[in-house]
Structure formats: C-alpha cells, structure tokens
Amino acid sequence: MTSYYMERYLKNKTFYKIQSQSTIDNPDQRIVDDLSSFTGTALSFSLTLVNAAIDLISFSNILFGIYPPLFGVLLAYSLGGTALSVFLGKGLVSLNFLQEKKEADFRYGLVRVRENAESIAFYGGEENEMQLLLSRFRSAFENLNQLLISSRNLDFFTSGYRYLIQILPAAVVAPMYFSGKIEFGVINQSVSAFNHILGDFSLIVYQFQALSAFSAVIDRLGEFDDVLDSNSKRGDQDSKEKIQLNFCLISSSNGLHSNGSMPLSKRVKLLHVEHLTVQTPSEATLIKDLSFEIFEKDHLLVTGPSGSGKTSLLRVVAGLWSFGNGAITVYVRPRGDLEMLHSPDVVSQQVTSTNETIGDSTGRRNSEGVIFLPQKPYMVLGTLRQQLLYPTWTKDSDNLSDDAKQSDSLPFLMRARDARCVNERSKKPTSEDLLQVLNDVSLGHLLSRFDGLDSTHEWSSVLSLGEQQRLAFGRLLLSKPTLSLLDESTSALDEANEARLYQLIQAAGITYISIGHRRTLYKYHKKVLRVSTADSTSTLQNWSFKDVEEDPIYDFSKQ
C-alpha cells in the first residue's frame with residue numbers, strides 16, 4: 001500500500017499541487033502513520049471476526065439446547081448494548097480524526113524549526129516559535145481532553161455491561177434449577193456458553209474505541225485517495241487550466257554551409273509561446289497575451305518588478321502551472337544529442353524540428369532535456385555524488401537488484417526505470433567527471449571538507465546558499481539539457497562567480513532562460529522579456545520582448 005500510494009502521490013506532480021493549493025493536510029503522515037495503522041488494525045479485526053464466527057458456531061447449539069429463551073435474552077442484551085455504545089461514542093470518530101490532524105500539525109511545526117534552524121537563530125525567533133508550537137500543542141491537548149472524556153463515558157458503560165453478564169444467565173436459568181428441571185452443572189454450562197456467545201455478538205461494544213480510531217484512519221485515507229484520484233483524472237477537464245504545453249523532439253541532419261555555420265533560416269527553435277495569458281488560481285491575470293520564440297543560444301533574460309508573474313511564467317514552461325490560456329511548445333533533443341553537437345570529433349549539424357509530441361510535461365520534462373534551477377536549490381538526502389547526479393541519474397538498477405537480494409526486499413518495493421529514459425539518457429558521469437565539475441564551479445574544497453564524494457550530510461544545512469547554487473550549476477553542466485530555466489539562480493553569488501557560471505553553461509552549449517534583477521546579467525543574454533504588473537482595468541499587453549541591445553538598461557550595464 002505504501003508503494004502504491006507513493007507512486008500516485010509523486011505522479012503528475014500531484015505532490016506539488018497538494019502543497020501549492022493546500023488541498024489536504026499532512027500527506028506524509030497519511031502515508032506513514034495512517035497506512036500502518038490501517039493495515040495493522042484491518043488484519044487484527046479480520047482475525048477477531050474469524051475467531052468470533054468459529055466461537056459463535058461452536059457454542060450456539062449448546063446454549064440453544066439448554067434453554068432457548070436464554071438465547072433470545074442474549075440477542076436482546078447484545079443489541080441494546082450495541083445501540084447504547086454507538087450513542088455514547090458517536091463523537092469519537094470525529095475526535096480521533098481531529099487528533100490525528102492536530103498531532104501531525106504539531107509534528108510538522110517541529111520539523112520546520114529543524115529545517116529553518118539557522119534563519120530562526122538569526123532572527124532570534126525562539127520565543128515566537130515557542131508560542132506557535134505551544135499553540136499547536138495546546139490545540140492537540142484540548143482535543144485529547146475531549147477524547148478522554150468521551151472514552152471515559154464509554155468505558156463506564158462497557159464495564160457495567162461486562163459485570164452484568166456474570167449474573168444475567170444465572171438469573172434466567174435459576175428458576176429451572178429450583179424447580180428441579182436442570183442440574184446445578186447446567187447453570188455453569190449456560191453461563192460459560194452465554195459469555196462466549198455474548199462476546200461474539202458484542203464485538204462493537206468491546207472494540208468501539210478501536211473501531212472509532214480505525215474509522216478516522218479510513219476517513220483520512222479516503223480523503224487522500226480522493227485527492228489523488230481527482231488529480232490523476234483532472235487532465236484538461238478543469239476549466240481554469242487551459243494552457244496547452246507540448247514537448248516535441250528535434251531530429252538531426254547534415255546540411256550546413258561549407259564553413260560549418262548554420263543558415264539563419266535553419267536556426268533551431270527551442271521554445272514557442274503563443275498568445276499566453278498566465279493567471280493565478282483565483283483567476284487574477286499576471287501576464288496578458290504573451291507571444292515569442294526562442295531559438296538555440298537565444299539566451300533570454302526575464303525581468304520586471306516583484307510579483308509581476310516572472311516565476312509563474314517559468315512554472316508554466318516547466319509544467320507546474322497551467323492556470324490561464326494559450327499554448328507553449330518546447331522542442332528538445334533526445335539525451336546525448338547535445339553532447340554530440342559540441343564534441344570536437346563531430347562536425348556541426350543542421351537541426352530541424354519534427355512534429356512528434358513526446359508526452360506531457362509532468363512525465364517527460366527532465367528525461368527530454370529541460371531542467372529548472374530554483375533560487376533555493378533542492379538538496380537530496382544522500383552523498384555529495386548523489387547531489388551532483390540528481391535528477392538525471394539515480395542509483396544503477398543493477399545495484400538496486402543486488403541490494404534487494406542482500407536485504408531480501410520484496411519485489412514490489414523495487415521500482416524499474418522507464419526503458420525509454422534509460423536508452424535516451426547520456427552516459428553516467430565518472431568520478432573524474434564529477435571532480436572536474438566541482439572544480440569548474442569553484443567547489444573543489446568540498447572534497448577535503450567533507451571527506452570525498454561519498455560522504456553523507458544534511459547538505460541544505462552544511463552548505464551555504466551560494467555553495468548550493470554553485471552545486472546546482474554543477475548538475476546543469478553534467479546533464480547538459482537542451483533548455484535550462486534559471487529562477488534567480490545566482491542571487492547569492494558575487495559577480496565574479498556569476499560570470500564564471502554563465503560562461504561555463506554558454507561554453508557547454510546550453511540555452512537558458514533567466515529571471516533576474518541585476519544589471520550585470522544583461523551581458524550574458526541576447527533577448528530580454530520585460531514584464532510589468534498587470535492592470536486589471538486595461539486590455540493592453542503588459543510585456544515587451546526585444547533584443548538585449550535595444551533595451552536602454554543594456555548600455556548602462558556595460559559601464
């Protein structure tokens with residue numbers, strides 16, 4: 001079940017949509033705790049039901065043979081007890097549901113303190129964090145008090161229900177004993193049979209608290225399941241999500257000028273944006289009727305005031321955001337083609353685009369040569385080697401199989417990689433390649449600082465933001481995508497390091513789209529897209545697209 005839910009959670013960017021739109025709370029807790037509780041409790045109840053059925057069949061004939069009216073008393077007693085249990089414990093399901101949520105919220109608050117320890121320490125925000133955490137804990141504690149009160153009332157009834165069983169069968173059968181119709185041993189026999197059968201009929205009474213907790217778990221998993229299903233089936237049905245994003249392959253063919261240069265008319269188109277309007281989920285317009293084309297090495301700088309929709313535009317190109325309307329076509333090469341084009345042993349090629357659509361952005365973007373670098377890079381859990389190889393390469397499937405055999409892991413816990421991605425993926429870099437890239441991005445000192453490529457640390461904590469950004473550029477140089485989207489990816493770097501990184505990716509033949517505010521960025525780009533804050537009362541376009549030399553800031557940036 002864990003494997004099944006994780007696959008659906010990570011499919012089609014569902015995890016991102018849940019987080020960005022706050023669809024449900026604490027999906028991690030539902031996968032870890034709720035699934036564990038569901039499987040364990042379901043197994044326990046199944047075995048209890050089987051035992052009760054066998055017990056009921058075994059003792060029903062005995063009790064019915066002794067005194068049939070006693071069997072009727074038993075049914076009436078168990079039905080009445082069940083009804084009262086349901087009445088007294090009717091609030092337990094909702095209280096258990098809320099307890100799961102509030103405890104998960106409190107745990108999440110503690111995790112945030114751990115993940116943002118340095119920022120909190122710089123702010124001196126310990127007292128504020130203490131108050132926020134106490135507020136969440138107080139909410140969980142108050143709900144627990146109500147849960148305990150409801151459980152106490154139910155326990156009072158359950159205890160009385162159990163005690164009354166001891167005298168009820170004897171009281172019913174006693175007149176027959178005093179009249180001489182049965183022997184004294186029959187009374188003990190009837191009490192024993194009565195207790196067995198009543199226990200079988202009273203499962204709801206005895207297990208009501210466990211059942212209410214189980215019901216809360218089912219509700220949480222059902223809610224999670226509905227969200228996962230709705231995201232997988234939504235597709236183009238959502239009226240708010242009208243942006244069409246297509247990825248097409250580029251095929252290669254020889255046919256250049258004799259000097260090896262590419263004819264201007266045959267330049268390689270990498271991105272085509274047509275009448276794109278970008279909106280927020282609340283339908284506020286960010287960018288109006290945007291249209292432009294990007295060809296290979298037409299490095300684009302996107303600039304404008306904060307909140308104008310620059311990052312949202314990159315989210316649209318990356319397939320994370322589809323609120324609005326219009327169409328975007330991204331043209332990419334299969335893995336390995338970019339390396340061939342810039343290899344000294346291979347002559348230059350003319351590249352023409354085909355009309356082959358290779359799938360939706362959520363499933364194919366990384367494998368088809370588009371990589372996004374956010375302002376705050378993501379550091380994976382693992383070694384320094386894994387940081388550099390992410391997300392293009394993962395642990396070899398052969399190694400995974402060997403590990404599975406050694407640890408006796410179950411087959412369904414081993415995930416096979418997409419065969420197409422493996423075939424198209426370029427050769428995995430060697431240790432020498434990784435060392436060279438680390439030196440190129442001025443991170444060679446990390447090897448001595450952290451004892452080599454295979455050391456494991458909490459990288460988001462031990463590396464500065466500037467080092468993390470340089471490491472992200474190292475990933476870019478290794479994977480050599482067709483198109484790279486850079487969202488203020490050098491904001492924490494000095495101008496010298498910024499210049500070095502841009503020169504490196506230019507030399508690698510990577511076409512990039514950058515978001516930035518520094519004037520120094522103009523010299524590394526050929527096109528500029530300036531976006532202004534949209535005016536809801538105006539129908540005019542709020543953007544301009546031009547060569548960087550035509551922008552008035554360009555001349556100033558060269559001074």
Only one of Leu286, Leu276, Ile513 passes side chain to side chain contact (heavy atoms under 4.5 Å, CB included) with Leu313; say which it is.
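Answer to the side chain to side chain contact (heavy atoms under 4.5 Å, CB included) test with Leu313 among Leu286, Leu276, Ile513: Leu276.
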When you measure from the side chain of [X] to the backbone of [Y], do you find a donor-acceptor pair of N or O atoms at a distance under 3.5 Å?
{"X": "Ser489", "Y": "Asp487", "answer": "yes"}
{"X": "Gln469", "Y": "Gly466", "answer": "no"}
{"X": "Asn116", "Y": "Arg112", "answer": "yes"}
{"X": "Ser291", "Y": "His275", "answer": "yes"}
{"X": "Ser538", "Y": "Leu540", "answer": "yes"}
{"X": "Asp451", "Y": "Leu447", "answer": "no"}
{"X": "Thr383", "Y": "Gln386", "answer": "yes"}
{"X": "Ser308", "Y": "Gly304", "answer": "no"}
{"X": "Trp543", "Y": "Asp289", "answer": "yes"}
{"X": "Lys17", "Y": "Thr14", "answer": "no"}

By salt bridge (Lys or Arg N to Asp or Glu O under 4.0 Å), which residues pair with [X], not counting sequence neighbours?
{"X": "Lys527", "value": "Asp547"}
{"X": "Glu293", "value": "Lys269"}
{"X": "Asp28", "value": "none"}
{"X": "Arg107", "value": "Asp33"}

Could you check whether [Y] and [X], counting side-chain N and O atoms only, form a donor-acceptor pair closer than 3.5 Å?
{"X": "Tyr378", "Y": "Gln468", "value": "no"}
{"X": "Asp535", "Y": "Asn542", "value": "no"}
{"X": "Thr303", "Y": "His517", "value": "no"}
{"X": "Tyr123", "Y": "Asn128", "value": "no"}
{"X": "Thr511", "Y": "Glu296", "value": "no"}

Residues in side-chain hydrogen bond (donor to acceptor under 3.5 Å, both in side chains) with [X], at least two apart?
{"X": "Arg500", "answer": "none"}
{"X": "Glu488", "answer": "none"}
{"X": "Asn497", "answer": "Asp494"}
{"X": "Glu223", "answer": "Arg30"}

Among pairs that include at least one residue of [range], which meet salt bridge (charged side-chain N to carboxylate O under 4.0 Å, His left out), considering only residues two or more places apart or in two chains?
{"range": "residues 309-323", "result": "none"}
{"range": "residues 456-477", "result": "Arg449-Glu467"}
{"range": "residues 503-517", "result": "none"}

Indicate the atoms forming the closest heavy-atom contact of [X] with [Y], along with that distance.
{"X": "Leu314", "Y": "Leu485", "value": "O-CD1, 4.0 Å"}
{"X": "Leu221", "Y": "Tyr5", "value": "O-OH, 4.2 Å"}
{"X": "Leu35", "Y": "Thr2", "value": "CD1-CA, 3.8 Å"}

Glu274 atom CD, over 12 foreign heavy atoms within 6.0 Å:
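Counting neighbours around CD of Glu274, more than 12 heavy atoms of other residues, nucleotides or ligands fall under 6.0 Å, so yes.
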So do [Y] and [X] actually touch side chain to side chain, heavy atoms under 4.5 Å?
{"X": "Met379", "Y": "Tyr390", "value": "no"}
{"X": "Tyr331", "Y": "Phe247", "value": "no"}
{"X": "Trp393", "Y": "Leu478", "value": "yes"}
{"X": "Gln29", "Y": "Lys101", "value": "no"}
{"X": "Leu270", "Y": "Val330", "value": "no"}
{"X": "Phe15", "Y": "Pro27", "value": "no"}
{"X": "Leu438", "Y": "Leu388", "value": "yes"}
{"X": "Val278", "Y": "Ser312", "value": "yes"}

Under-4.0 Å salt bridge between Asp229 and Arg8:
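A salt bridge is present here (some side-chain N lies under 4.0 Å from a carboxylate O).
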State whether Asp34 and Arg220 are salt-bridged, where the test is any N-O pair (Lys NZ or Arg NE/NH1/NH2 against Asp/Glu carboxylate O) under 4.0 Å.
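Yes.
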Give the intermediate values and the outcome of salt bridge (Lys or Arg N to Asp or Glu O under 4.0 Å) for residues Asp454 and Arg385.
CA-CA 6 Å; Asp454 296 311; Arg385 183 189 304 274; 2.9 Å; yes
Just say parallel, tilted or perpendicular for the rings of Tyr502 and Phe473, cut-offs at 30° and 60°.
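Geometry flag for Phe473 against Tyr502: perpendicular rings.
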Restricting to ring-ring contact (aromatic ring centres under 6.0 Å, His included), what partner residues turn up for Trp459, sequence neighbours left out?
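By the ring-ring contact (aromatic ring centres under 6.0 Å, His included) rule, Trp459 matches Phe450, His457.
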